[in-house]
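See below for the structure under consideration.
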Amino acid sequence: MADSTVKELFEDISSYSHAVIAYVGEDGYPMNVAADFKPNPAKGTIELSRPAVPVEPVEGAEVNVTFSHIRPYPGVGYDQRRYVSVWGKLTKANGSLEVTPERTHGWDEERMHFFELCERSVPSAHRYMQKLSEERGEPVKTKMSLGWLIFLTTRVPFLTATFVPILLGAMVARNDGFSAWWLFLLCLLGGSAIHLGLNVANDVSDATSGADFANANPTMFSGGSRMIQYGLVGLKTMKMVSLACYAVGIGIGLYLTATRGTELLWIGVAGVFLSIFYTAPPFKLVHRGMGEIAVALGFGPIMVLGTYFVIAQRLTFEAFYASLPVAIFIMLVLYVNQVPDRPADEKAGKKTIVVRLPKNAIVKGYAASVIAAFALIVVGAVTGIMPIWTLLALGTIPLALKVHKALTSHYESPYELMDGMGKNIMLHLFSGLALVLGYLIAVIF
Amino acid sequence: MFKSCNQPFRTQLAATTILDRMGVLPKEVEELLNAALVAELTVINRKGQPVTYPLIPLYDGQFIYMTSSVLFAKKLEHMKANPRVSVTITDPIGAAVEPFRRATIQGDARIIEDDLHSGWEGHVGDLWIAKEPIVKDLIKKRFAMPLFWERSVIEITPKRGLLWPGGRTDQPPQQFSTEQAA
């Protein structure tokens, strides 16, 4: 081992209370036993106390010395897991044992999160299950109930991004004197189908490009559904699910176009275009740093105006204006969720804005966008473009501040950033619902 | 930092004693196994080299159990090729027993994996939850880490072992054997 590696090793093991030396006995059984230890930097060896055992390790034998640590949590389990394992040749001197390190292996959950350790081990799991399949002559696969498979593959919780603008569009129409709950429900169903189709298509694209396979730090908000990577759903099935979702969404859109007005066609075509070419060639918008614009347009003006038109059969500047803060907040959900994905995205050639720009610019960009969104709400409420009660959305400013702080502090730590990502999604959801509530109060009073 | 042993080993080795038994292992060893949150499992790889893994030991009075996710299956492959293993419990923090003691148990491992998805729950689920209660909540959320919960069971039949009643491994241990208990 290189001197620098040995030096690092000695620093690593200095925090452990004892060692466990393991060797193979004459009878072919391994023996392992605790021993006190002392690194000898001058000789580059680890000295171990000589344990009292029936059969000692033989001089010159390859032994394994392991150091491990946990911190118990009574009634729960334990944390602070770490271990270092060293292999080397054994010598005996002055009544003690000495091991010259030749290779080392270990894990410290404070340096590599357990989730990341698991993600990096996924190919190993597949190899093992493939071996079992060959031994048994039948496939050995990861299992999950159908309900969870559907829920996770399509990423149903992300539908808040669709629910908010469609509900807002319906509320703006209601405020203008137009309502039809069944049309609202059709818009919701069609918009949701397109969104779920997009989610699955995104997974297909990221699997094909290698972005998701290269991502060792996925979170519940980023890195895709992982269904393909975990072997739960095949690529072909994902493509079919995506196509089916798009078929449902487009079918509903065509019905609404036929029954409510052909102006809807252009809104719908724009929405489907942005959705499909978000990842599909030749445009691959997200790969070109235009994902945020696509998401803002699609989950902002297109959904709000589309719903408004379906119910009111007209388009207004006020409906368009109401969509703008929601568009910015949903854009920021994608923006922040892409932060942990940037190493894997960059490797796969997916040049999102977050990949292109340094941390400083991204954090400032977040702040500027949030300020713009809240400014739009204030201007809209004060000028009468939106009901004054939409100022209720300013109640979500503390959430924005928390997200900004999380971005600043945890930009390089995906798992620490997860709480911030969650709050950012809540910011979009609650600010959108507050706008809806503002319109509802205006309708009632 | 440690004491050296100057006398030849064989003159120090205490006579084998037959210790109090509850299951197949001496009571002091069973207490240690039941208390330990971590043990070191040493297996032998295809090159004949020892490889040690820290794992949580579970014990039902007859076998020592451990479980391994398919994510970390290398040890399973080693044991399938060579079932001879050694388990030692050494950590005073990870195994809170009074008085502190250490033990090493040698035996033969069998890998049980006919049902990776839920077979392990039937074999060792209760034992695991009793030792690490948070596992019960984590199992409910297994959809979040599906591969981690596809697991094999390592069933170790103890053959013989060593007990250091005071935890000092530089002192002669008491030896025990399951053949003696039979």
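Below, chain A is the first sequence line, B the second, and so on; all start at residue 1. Bear in mind the structure is a predicted one, so any value in this text is a computation, not a measurement.
The choice from B/Gly94, B/Pro146, B/Gly167, B/Ala96 that makes the most heavy-atom pairs within less than 4.5 Å of chain A is B/Pro146. Ranked by heavy-atom pairs shorter than 4.5 Å toward chain B, the options A/Ser85, A/Gly75, A/Ala35, A/Pro74 are led by A/Gly75. Taking B/Met145, B/Glu113, B/Glu40 one by one and counting their heavy-atom pairs under 4.5 Å with chain A, the maximum is reached by B/Glu113. Top candidate by heavy-atom pairs under 4.5 Å with chain A, chosen from B/Tyr53, B/Trp149, B/Phe148, is B/Phe148. Interface summary for chain A: among B/Val135, B/Thr88, B/Ile134, the most heavy-atom pairs under 4.5 angstrom belong to B/Thr88. Between chain B and the residues A/Tyr23, A/Tyr78, A/Tyr83, the most heavy-atom pairs under 4.5 angstrom are made by A/Tyr78.
Contact between B/Glu132 and A/Gly77 at its shortest, heavy atoms only, is CG-CA, 3.6 Å. Considering all non-hydrogen atoms of both residues, B/Thr42 and A/Ala22 come closest at OG1-CB, 3.5 Å. Of all the heavy atoms in B/Pro54 and A/Ser68, the pair that sits closest is CG-CB, 3.9 Å. The shortest non-hydrogen separation linking B/Arg102 to A/Ala34 is NE-CB, 3.5 Å.
Under a 3.5 Å cut-off, the side chain of A/Trp87 and the backbone N or O of B/Pro50 do form a donor-acceptor pair.
Only the side chain of A/Leu152 comes within less than 4.5 Å of a heavy atom in chain B; its backbone stays farther off. Both the backbone and the side chain of B/Val51 come within contact range of chain A, each with at least one heavy atom under 4.5 Å from a heavy atom of that chain. Proximity to chain A (any heavy atom under 4.5 Å) is shown, for B/Leu37, by both the backbone and the side chain. For a residue to count as touching a neighbouring chain, one of its non-hydrogen atoms must lie under 4.5 Å from one of that chain's; by this rule A/Tyr230 touches chain B with backbone and side chain alike. Residue B/Asp115 touches chain A through its side chain alone, counting heavy-atom pairs closer than 4.5 Å. Heavy-atom distances place the backbone of B/Leu41, and not its side chain, under 4.5 Å from chain A. Looking at B/Lys47, there are no atoms closer than 4.5 Å to chain A (heavy atoms on both sides), in backbone or side chain. Of the two parts of A/Leu149, neither the backbone nor the side chain holds a non-hydrogen atom closer than 4.5 Å to a non-hydrogen atom of chain B. Proximity to chain B (any heavy atom under 4.5 Å) is shown, for A/Val122, by both the backbone and the side chain.
A/Ser124 places none of its side-chain heavy atoms less than 4.5 Å from the side chain of B/Leu71. Inter-residue side-chain proximity for A/Arg71 and B/Ile93 is flagged as unmet; no heavy-atom pair is nearer than 4.5 Å. Residues A/Pro51 and B/Trp164 form no side-chain contact, since every pair of their non-hydrogen atoms from C-beta on lies 4.5 Å or further apart. A 4.5 Å side-chain heavy-atom check between B/Leu162 and A/Val33 finds every atom pair outside the cut-off. Residues A/Val76 and B/Pro133 fail the side-chain proximity criterion, which asks for heavy atoms closer than 4.5 Å.
Using a cutoff of 4.0 Å between basic side-chain nitrogens and carboxylate oxygens, A/Asp27 and B/Lys159 are not scored as salt-bridged.
Residue-environment remark: CG (B/Asp126) stays at or below the threshold of 12 foreign heavy atoms within 6.0 Å. The number of heavy-atom neighbours closer than 6.0 Å to NZ of A/Lys92, taken from other residues, nucleotides and ligands shown, is above 12.
Along residues 107-115 of chain A, the residues that come nearer than 4.5 angstrom to chain B, judged on non-hydrogen atoms, are A/Phe114, A/Phe115 in order of number. Residues of residues 128-146 of chain A placed with any heavy atom under 4.5 Å of a heavy atom in chain B are listed by number as A/Tyr128, A/Met129, A/Lys131, A/Leu132, A/Glu135, A/Arg136, A/Val140, A/Lys141, A/Thr142, A/Lys143, A/Met144.
Here the CG atom belonging to A/Leu232 is positioned 7.0 Å from the CG atom belonging to B/Leu147, to the nearest 0.5 angstrom. Note that CD1 of B/Ile105 and CG of A/Asn32 are 9.0 Å apart. Values are rounded to the nearest 0.5 Å. Here CZ of A/Phe67 is found 11.0 Å from OG1 of B/Thr52. Values are rounded to the nearest 0.5 Å. For the atom pair B/Glu77 CD and A/Arg127 CZ, the distance stands at 9.0 Å (nearest 0.5 Å). A distance of 8.0 Å separates OH of A/Tyr29 from CD of B/Gln106, quoted to the nearest 0.5 Å.
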Would A/Ser49 and B/Asp170 count as a side-chain hydrogen bond (donor to acceptor under 3.5 Å, both in side chains) here? Give the steps.
CA-CA 7 Å; A/Ser49 61; B/Asp170 58 342; over 6 Å; no
Pair B/Val38, A/Arg81 - check side chain to side chain contact (heavy atoms under 4.5 Å, CB included), show working.
CA-CA 10 Å; B/Val38 67; A/Arg81 293 168 292 184; over 6 Å; no
